[in-house]
Amino acid sequence: VHSFSILSDALCKEGKVEETRRFLSEMRGRGFEPDAYSYNSLLEWHTNKGDVNGASRVFEDFSREGIIPNVTSYTLLIKAFCHLGKPDEADKVFRDMLEKGVAPDVVVYTLLIRAYCRTGDMKQAFKLHDEMLLKGLVPNSFTYGVLIDGLCKLGQMEAAKMVFGDMQNKGVDHDEVIYNMLIDGYCKKGMMDGAFQLQQAMIKRGLVPDVFTYNTIITGLCRAEKKDEAKLMFDSMLDTGLLPNTVNFTTLIDMCCKGGDMEEAGKIFSNMLQYGAAPNDVTYNTLINGYCKKGQMEEAVKLKDEMTAKGFVPDVFTYTSLIHGFSTNGKIDEARELFDDMPARGLVPNNVTYTAMIFGLCMHNRVQEAFNLYDEMIIRGLVPD
RNA sequence: AAUAGCGAGUCAUAGCGA
């Protein structure tokens, strides 16, 4: 059964879902009863697609086939709910798991804690942390990490530092990721000195700043309008022998775009491949937004076509940039056309998209249409901010 | 009973704003 499970996992990870299903029934035909392990990769596939219903269906299969889901199975279903930003639903599944007598572990607790952190509900997050301690589970660097990151994202650096000290007292080592999260926290608050201090501290501890560390700092420097220092930081990253990745280049491109230097942005864009870094959807979106901001809509649209041709799917970011670009360049009809085209592309306009469109309509004195859209977004369950 | 197989944390892109 182990061997079959390993194969089933490999099949599914290649994206061959139907074949995985067939494989599982074939293994049953040969007299090997699949267990939770055999099915979990299938479950993970649904989860990563954000398909809660699909994941739930696998659970229905479990009860039909008499398979007992293990912690990992539950973790995957819980993750699907986390992905939807529904920590309470996730928690319900978790409680259900406990009732069924499946023992929780550090991983599932960490995942659940992260779900609450992402919604900014640190109170629940810490409650779960205490609960796992009561159960005799030992938080590891992942667990402390989600707590620290949650606090950093809320800008609560003092509290984050306390958890940082706490984990050390408990004998859990600080790793690069932990430092990176704190550095990002300081950068986002504009406290670059704090960020640099931590970078030095991590080096002193024998840790090596990685591409995450550098990119975090570079982004921080860009936001602090210190573009020259940002460039120097990029160079010193290269000096350490680190290979810049797609995110690093996208950051640089964005920096150029924000400064209106599309020529430089384009140069970096065409050179990045030489470093083995291929542009991705975010890279395209960044450039498209840059051209939109400059009013070079032909270029922007050209890039949208190019990204599509390369197999990337224009997303809500792409459309919002273009809608805003057309709106503010006197082409409100083009903007509206794009907006109306979104549903057909499987895209759901969000708050930002609606604001951009409404703003554009108002600028063009099409107030009635703007109000109609405002009503529409409320009907769709969006909450104007 | 032991052992092996699955799951969790950090960086980049969009609108408005006295």
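Everything quoted here is computed from the prediction, not taken from an experiment. Protein chains get the first letters and strands the later ones, always in sequence-line order, with residue 1 at the start of each.
- If you check every strand for non-hydrogen atoms under 4.0 Å, A:Leu252 touches nothing.
- Below 30°, between 30° and 60°, or above 60°: for A:Phe94 and A:Tyr109 the angle between ring planes is above 60°, a perpendicular geometry.
- Taking the six-membered ring for Trp and the full ring otherwise, the centers of A:Phe269 and A:Phe249 sit at least 6.0 Å from each other.
- In terms of polar N and O atoms assigned as donor or acceptor, the side chain of A:Thr216 never comes within less than 3.5 Å of the base of B:C11 in a complementary pairing.
- With 3.5 Å as the limit, one finds a donor-acceptor pair spanning the side chains of A:Thr353 and A:Asn350.
- A:Asn70 comes within contact range of at least one nucleobase, with a heavy-atom separation under 4.0 Å.
- Counting non-hydrogen atoms under 4.0 angstrom, A:Asn248 reaches nothing in the nucleic acid.
- Nucleic acid contact class of A:Asn280 (heavy atoms, under 4.0 Å, all strands): base.
- Heavy atoms of A:Glu176 sit nowhere under 4.0 angstrom from any nucleic acid atom.
- In this structure, A:Tyr39 and A:Phe62 have perpendicular ring planes: the angle between them is above 60°, well past the 30° mark.
- Under 3.5 Å, the side chains of A:Thr251 and A:Asn215 contain a donor-acceptor pair of N or O atoms.
- Between A:Phe4 and A:Phe23, the ring-plane angle classifies as tilted under the 30° and 60° cut-offs.
- Of the candidate nucleotides B:G7, B:A12, B:C6, B:C6 has the atom nearest to the side chain of A:Tyr37.
- Taking the side chain of A:Val177 as heavy atoms from C-beta on, and the options B:G9, B:A8, B:C11, the nearest nucleotide is B:G9.
- Remark: A:Arg114 is in phosphate contact with B:G9, judged by side-chain N or O atoms under 4.0 Å from OP1 or OP2.
- Among the heavy atoms of the strands, none lies under 4.0 Å from A:Asn245.
- In the interface, the side chain of A:Asn140 is not paired with the base of B:G9 through any donor and acceptor atom under 3.5 Å apart.
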**Base versus backbone protein contacts along nucleotides 13-18 of chain B [heavy-atom cut-off under 4.0 Å; B, S, -]** = BBBS--
Atom pairs and distances, donor-acceptor, side-chain atoms in residues 77-87 of chain A, under 3.5 Å, two or more places apart:
none

